Chemist: 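Pasting a structure below so you can have a look.
As the structure is a prediction and not an experimental result, all values here were calculated from the model. Along the sequence shown, residues carry numbers from 1.
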Amino acid sequence: MSTHNVFPLEELNLRLSNVRFEMNKANIDGIVITIPENIYYLTELDHWGFFACHLLIVPREGEMVLVCRAMERITVENQVKNARFFGHADYEDPADYVVSALSELGLMRSRIGMEKSSLFLTAKLSESIQAKTPNVEWQDTSSLVSELRLVKSNLEMEYVRKAAKAADAGMISAINTIREGASDYEVCAECSRAMILAGSEYPGFGPFVRPTSRLGEEHTTWRGEIFKNGEAVFLEIAASYRKYQAPMGRLVYVGNAPPDTEKSVQLAIDGMKAINNAIIPGAKAGDVYDAWREVAIKGGLKNYERHHCGYLVSIGFPPSWTGGSMVTALAPNSKLKLKVGMTFHTHSWFTNTDCVDYFISNTSLLTNNGCEVLTSQTPETLQIK
């Protein structure tokens, strides 16, 4: 019996039933799942072994099969309640084990889906599987399970709340560590320490910490720089609980802030309020972007556009907290319908504009009562350290 117990068996069974319902609608007989978040969602397998071959075969009926390296057997036996394990040696072709599983499941002459957009499905493995199954009609089902994960159960919502609490602890610690002469090493160390002690597991990304000179570098982080008086320090972090991610961000000034910074702060706060007010059941993701964009226009930034003002978050394994290889964004013109149980990383982001740089982001949850900001303990107001 598993000692892991992240999800009750009833919840895992319901998820599998929902996946099979979608498989039936798509007229496919099986699906090869290659996205680690989706494998975890259906089996609660939680390890870093996904860097190598890591596949879950889901038939329309019968037991699921995990195909992984043989050395992962103990982890799988300890954690997984609902799938058989096919373990291959490192010198063997994992495709042979996939073919063996498909044969045992009676799927060698079927229509089978594969998650082709996964970061962890190599071209070599995909080609080998397809070459060895000439009578299988392969379909791309990259979004089938991922879309089901967007709406969370009550238990999943509780996990996100715990992650958000830890994220707030890390952010407050990071802000309080910033000072003239401090290094980004110190800030990241104290941030990570506080998050872990508040209950966080490893997040999808490590903390992003950047000074003014690298403010526009979207995905770079600490590297031993010393903060100087008058600099802006960009902080974007996430905590994780049972793999559910809770990102947030703030911009902090060292020593003093430029003139008119308060105007930018209010603009960002107003933008975040507009986002929160627009996140309601039945709204479209594009409506949320439009609400934020209207604040920018009224603030005098008529030509300022961003690729989105946030995105959905869920289960996340490294190297991302977005929940897989795709970003489901609050983007211009998006028709995605918002539903109760969705969680978001919302951005009110004004950098490299005609106003002073400022930025805030939060993790929020859509409830029956509207948008609930979960990372609510860290001030959104101007922070000068």
Chemist: Judged by modelled atom types alone, do T133 and W138 share a side-chain donor-acceptor pair under 3.5 Å?
Modeler: yes
Chemist: Going through the checks in order, is the side chain to side chain donor-acceptor pair (under 3.5 Å) test met by S264 and D357?
Modeler: CA-CA 7 Å; S264 297; D357 291 330; over 6 Å; no
Chemist: Between P318 and F120, what is the shortest heavy-atom contact and its length?
Modeler: O-CZ, 3.8 Å
Chemist: Do any pairs count as a salt bridge (charged side-chain N to carboxylate O under 4.0 Å, His left out) and have a residue in residues 371-385, sequence neighbours left out, and if so which ones?
Modeler: R161-E372
Chemist: Using the salt bridge (charged side-chain N to carboxylate O under 4.0 Å, His left out) rule, collect all pairs that involve residues 173-188, keeping only residues at least two apart or in two chains.
Modeler: R179-E186
Chemist: Which ILVMFWY residues are connected to F227, directly or by a chain of links, through side-chain heavy atoms under 4.5 Å apart?
Modeler: M171, I175, I178, V187, M195, V209, V233, L235, I237, M248, V252, V254
Chemist: Just list the side-chain donor-acceptor pairs under 3.5 Å for residues 299-306, sequence neighbours left out, or say none.
Modeler:
unit_1: Y304; atom_1: OH; unit_2: W349; atom_2: O; d: 2.7
unit_1: E305; atom_1: OE1; unit_2: Y289; atom_2: OH; d: 2.5
unit_1: E305; atom_1: OE1; unit_2: R293; atom_2: NE; d: 3.4
unit_1: E305; atom_1: OE2; unit_2: R293; atom_2: NE; d: 2.9
unit_1: E305; atom_1: OE2; unit_2: R293; atom_2: NH2; d: 3.4

Chemist: Which Ile, Leu, Val, Met, Phe, Trp or Tyr residues join M326 in one cluster when any pair of side-chain heavy atoms under 4.5 Å counts as a link?
Modeler: none
Chemist: Using the ring centroid of each side chain, check whether W48 and Y202 are separated by less than 6.0 Å.
Modeler: yes
Chemist: Is the Y311 to F344 ring centre distance short of 6.0 Å?
Modeler: no
Chemist: Let me confirm one number: the CG-CE distance from D140 to M114, rounded to the nearest 0.5 Å.
Modeler: 9.5 Å
Chemist: Check this for me: does any side-chain nitrogen of one of K228 and E231 sit under 4.0 Å from a carboxylate oxygen of the other?
Modeler: no
Chemist: Roughly how far, to the nearest 0.5 Å, is CE of M272 from OG of S361?
Modeler: 6.0 Å
Chemist: Without placing hydrogens or testing angles, list every side-chain donor-acceptor pair under 3.5 Å for residues 49-60, not counting sequence neighbours.
Modeler:
unit_1: H54; atom_1: NE2; unit_2: H47; atom_2: NE2; d: 3.2
unit_1: R60; atom_1: NE; unit_2: I28; atom_2: O; d: 3.1
unit_1: R60; atom_1: NH1; unit_2: N24; atom_2: OD1; d: 2.9
unit_1: R60; atom_1: NH2; unit_2: I28; atom_2: O; d: 2.8

Chemist: Taking the six-membered ring where the residue is Trp, are the ring centres of Y241 and Y159 under 6.0 Å apart?
Modeler: yes
Chemist: Any donor-acceptor pair under 3.5 Å linking the side chain of S173 with the backbone of E190?
Modeler: yes
